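All remarks here apply to the structure that follows.
Any value given below was found using the heavy atoms of this structure, including those in side chains, with hydrogens, waters and symmetry copies removed. Since the structure is predicted, the reported quantities are computational estimates derived from the model, not experimental observations.
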Amino acid sequence: MDKEKIAVLFGGESSEHEVSCISVTTIIKNIDTNLYEIILIGITKDGRWLLTENIESIEDGSWRDSKKTAVILPDKAEHGILIKDGDTYESVHIDIVFPVLHGLNGEDGTVQGLLEMSGIPYVGCGVLASSVAMDKLTTKKIVSPLNIRQAKYIPIFYGDGYNFTKTADSIEKAFPYPVFVKPANAGSSRGVSRANNRNELKTAIEDAAKHDKRILVEEMITGREIECAVLGRSSGTIEATGVGEILAAAEFYDYDAKYNSNDSKTVTDPALPEGVREKIRDSAKRIFNEINGFGLSRVDFFVEADTNDVVFNEINTMPGFTDISMYPILWESCGLDKKALVGKLISMAKER
């Protein structure tokens, strides 16, 4: 039998470009090449879609020098990609797309919308779930009716009418320092800062605004950072792993602590108070279902230090697949290795 063609997208225009380039190498190594012919398409930070020859070019960065372009055709009759090599064009049928893209213009429903238009089955959440989960403010509103505790927050629009003094006054009336400042749309903790006073709050808001004009300021939750991986589909079967704990090398689990430090640790099956583990697993599945999730997500929580309350933090619809990423680690701890996990995700895409 002929192998099915799977196009794997990576890179992207977001601040998580480099993380995607690491995640994709793990996924490529775990796609069954007896079943699939892999076509690699790298997206540069300035939005060029390049046909990429091999995994080595991703690892050394030379894929960005490719002279061939490859784009998804938003035409259901074509069901494929258009490759341009100099003055030569070739249309190639594609059976499945695996968008290994984190953050804006990749994990936020934009690429998913293009794939819906193309009619090509793809791995992961659809347009609605991807866009909802990418936007922290919208996620809070969608999850609110579930009566799952979330950190209290104040939304800010860094644009017309923004006044720092008035903003700071309202924040300080709502909750004490320290507070966390987050862009509504950004991943891997890009643009996230802790502010201990008004001066730091001003700097934190300005930093967050570099990533998104919509910002939220949250009360600080002191506690343990706990994550849960889910697999399945909303209004269907949703499986959840056990839980994992992040032991951050920094004051909080920021970008550097995640990817540039050898001191951050991930622990599977940490000791937790009675009932907390099951509450996290149940909440993760309910949240995934509420956003109309499909395929995979990682759901992040805090366990508050004084109360042992479970506090929902965020949901990631295309979690990292690096060597230190919690999503594949949690499934491996349940007996599902990376090759089986990747195969299951691809199978779900075909079923869709």
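- No salt bridge links K5 with D95; every basic N to acidic carboxylate O contact stays at or beyond 4.0 Å.
- The shortest non-hydrogen separation linking K3 to E37 is CB-N, 3.9 Å.
- At a cut-off of 3.5 Å, with distance as the only test, a side-chain donor of S325 or T322 sits close to an acceptor on the other residue.
- Here the side chains of I41 and T52 are not in contact, with every heavy-atom distance at 4.5 Å or above.
- Annotation: side chain of I171 is in contact with side chain of L201 (closest heavy-atom distance under 4.5 Å).
- Side-chain atoms of R194 never come within 3.5 Å of backbone atoms of F180 as a donor-acceptor pair (strictly under, hydrogens ignored).
- T203 and E206 are not linked by any side-chain donor-acceptor pair at a separation below 3.5 angstrom, with hydrogens and angles left out of the test.
- The aromatic rings of H17 and W63 lie parallel to each other, their planes meeting at an angle below 30°, with 60° marking the opposite boundary.
- For the residue pair S234 and N292, a side-chain donor N or O sits within less than 3.5 Å of a side-chain acceptor on the partner.
- Cation-pi geometry between R352 and F294 is met: under 6.0 angstrom from the ring centre, within 45 degrees of the axis.
- Across I346 and V123, no two heavy atoms sit closer than the pair CA-CG2, 4.1 Å.
- Using a 4.5 Å heavy-atom threshold, the side chains of R198 and Y177 count as touching.
- A donor-acceptor contact under 3.5 angstrom links the side chains of E116 and Y122, judged on distance only.
- Using cut-offs of 30° and 60° for the angle between ring planes, the H93 and H79 rings count as parallel.
- Counting only residues at least two apart or in different chains, ring pair (Phe, Tyr, Trp, His ring centres under 6.0 Å) contacts with residues 133-174 comprise Y158-Y162.
- Checked by atom type, the side-chain pair S14/H102 shows no donor-acceptor distance below 3.5 Å.
- A salt bridge links E239 with K344: the closest approach of a Lys/Arg side-chain nitrogen to an acidic carboxylate oxygen falls below 4.0 angstrom.
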